[in-house]
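This report concerns only the one structure given below.
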Amino acid sequence: MVWDLMGRIWRFQRAVREEMEEGLVALGLSGLEAWLLRVVEGLPYPSDVARHMGLPPPTVSHMLRRLEERGFVERTLDSKDLRRFAFRLTEKGKVALEEAERLMEAALRRRLARLSPEEVDHLARLLSKLEES
């Protein structure tokens with residue numbers, strides 16, 4: 001049962017991601033990069049981003065470098081610790097993130113439309129319960 005449930009969660013996530021992929025490609029982003037932009041918006045330090053996303057720090061650094069080269073983020077020095085870099089979204093990054101979120105919301109809404117409002121509420125409560133530590 002555990003593997004079946006995990007498989008269903010994974011397939012659901014993949015289906016939503018695939019539904020929005022064409023739009024993300026047009027923006028010049030992958031799904032993981034769109035998520036990274038969202039995380040960087042609140043956590044500007046690569047080590048915090050890596051911890052939050054559950055990815056190895058070198059992977060996040062590489063992704064940030066690529067996003068920086070493509071103009072989605074910019075690197076700044078931390079005014080409190082000049083040895084530490086922070087990242088922030090550029091205007092291009094903000095616009096791309098907004099569009100990526102619109103694509104994701106539309107894809108998710110299409111899936112959730114298959115459920116009644118009560119089922120959506122119930123699903124949200126169950127997911128919240130599963131997220132608890």
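No hydrogens, no waters, no symmetry mates; every other heavy atom, side chains included, goes into these values.
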How would you list, by chain and number, every residue that makes a side chain to side chain contact (heavy atoms under 4.5 Å, CB included) with L32, sequence neighbours excluded?
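Once residues adjacent in sequence are excluded, the partners of L32 under the side chain to side chain contact (heavy atoms under 4.5 Å, CB included) criterion are S30, W35, M53, L55, M63.
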P117: what forms a side chain to side chain contact (heavy atoms under 4.5 Å, CB included) with it, not counting sequence neighbours?
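Checked P117 against side chain to side chain contact (heavy atoms under 4.5 Å, CB included); zero matches.
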Quick one: side-chain hydrogen bond (donor to acceptor under 3.5 Å, both in side chains) pairs with a partner in residues 6-17, sequence neighbours left out?
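Non-adjacent pairs meeting side-chain hydrogen bond (donor to acceptor under 3.5 Å, both in side chains): D4-R8.
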Any pair counted as side-chain hydrogen bond (donor to acceptor under 3.5 Å, both in side chains), so long as it reaches residues 84-96, sequence neighbours left out:
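Those involving residues 84-96 are E74-R88.
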Can you pull the salt bridge (Lys or Arg N to Asp or Glu O under 4.0 Å) pairs that have at least one residue in residues 109-121, sequence neighbours excluded?
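The answer is E19-R110, E19-R111, E105-R109.
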Show me the pairs that pass salt bridge (Lys or Arg N to Asp or Glu O under 4.0 Å) and involve residues 22-41, at least two apart or across chains.
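Applying salt bridge (Lys or Arg N to Asp or Glu O under 4.0 Å) to every pair that reaches into residues 22-41, excluding sequence neighbours, yields E33-R66, E33-R70, R38-E41, R38-E101.
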To check you understand the geometry: which heavy-atom pair defines the closest contact between [X] and [Y], and what is its length?
X	Y	answer
V73	F87	CG2-CD2, 3.9 Å
F12	L108	CZ-CD1, 3.6 Å
L24	A34	CD2-CB, 4.2 Å

Name all residues meeting the side-chain hydrogen bond (donor to acceptor under 3.5 Å, both in side chains) criterion together with E68; count only those two or more places apart in sequence or in a different chain, and write none if there are none.
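For E68 the side-chain hydrogen bond (donor to acceptor under 3.5 Å, both in side chains) partners, ignoring immediate neighbours, are R75.
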side-chain hydrogen bond (donor to acceptor under 3.5 Å, both in side chains) partners of E132, counting only residues at least two apart
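Result, side-chain hydrogen bond (donor to acceptor under 3.5 Å, both in side chains) vs E132: none returned.
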Do any side-chain atoms of residues 124-131 form donor-acceptor pairs under 3.5 angstrom with protein atoms, and if so which ones, sequence neighbours left out?
unit_1	atom_1	unit_2	atom_2	d
R125	NH2	H122	ND1	3.4
S128	OG	A124	O	3.1

Report, one line per pair, each donor and acceptor closer than 3.5 Å where one atom sits in a side chain of residues 44-52; sequence neighbours left out.
unit_1	atom_1	unit_2	atom_2	d
Y45	OH	D78	OD2	2.5
D48	OD1	R51	NH2	2.7

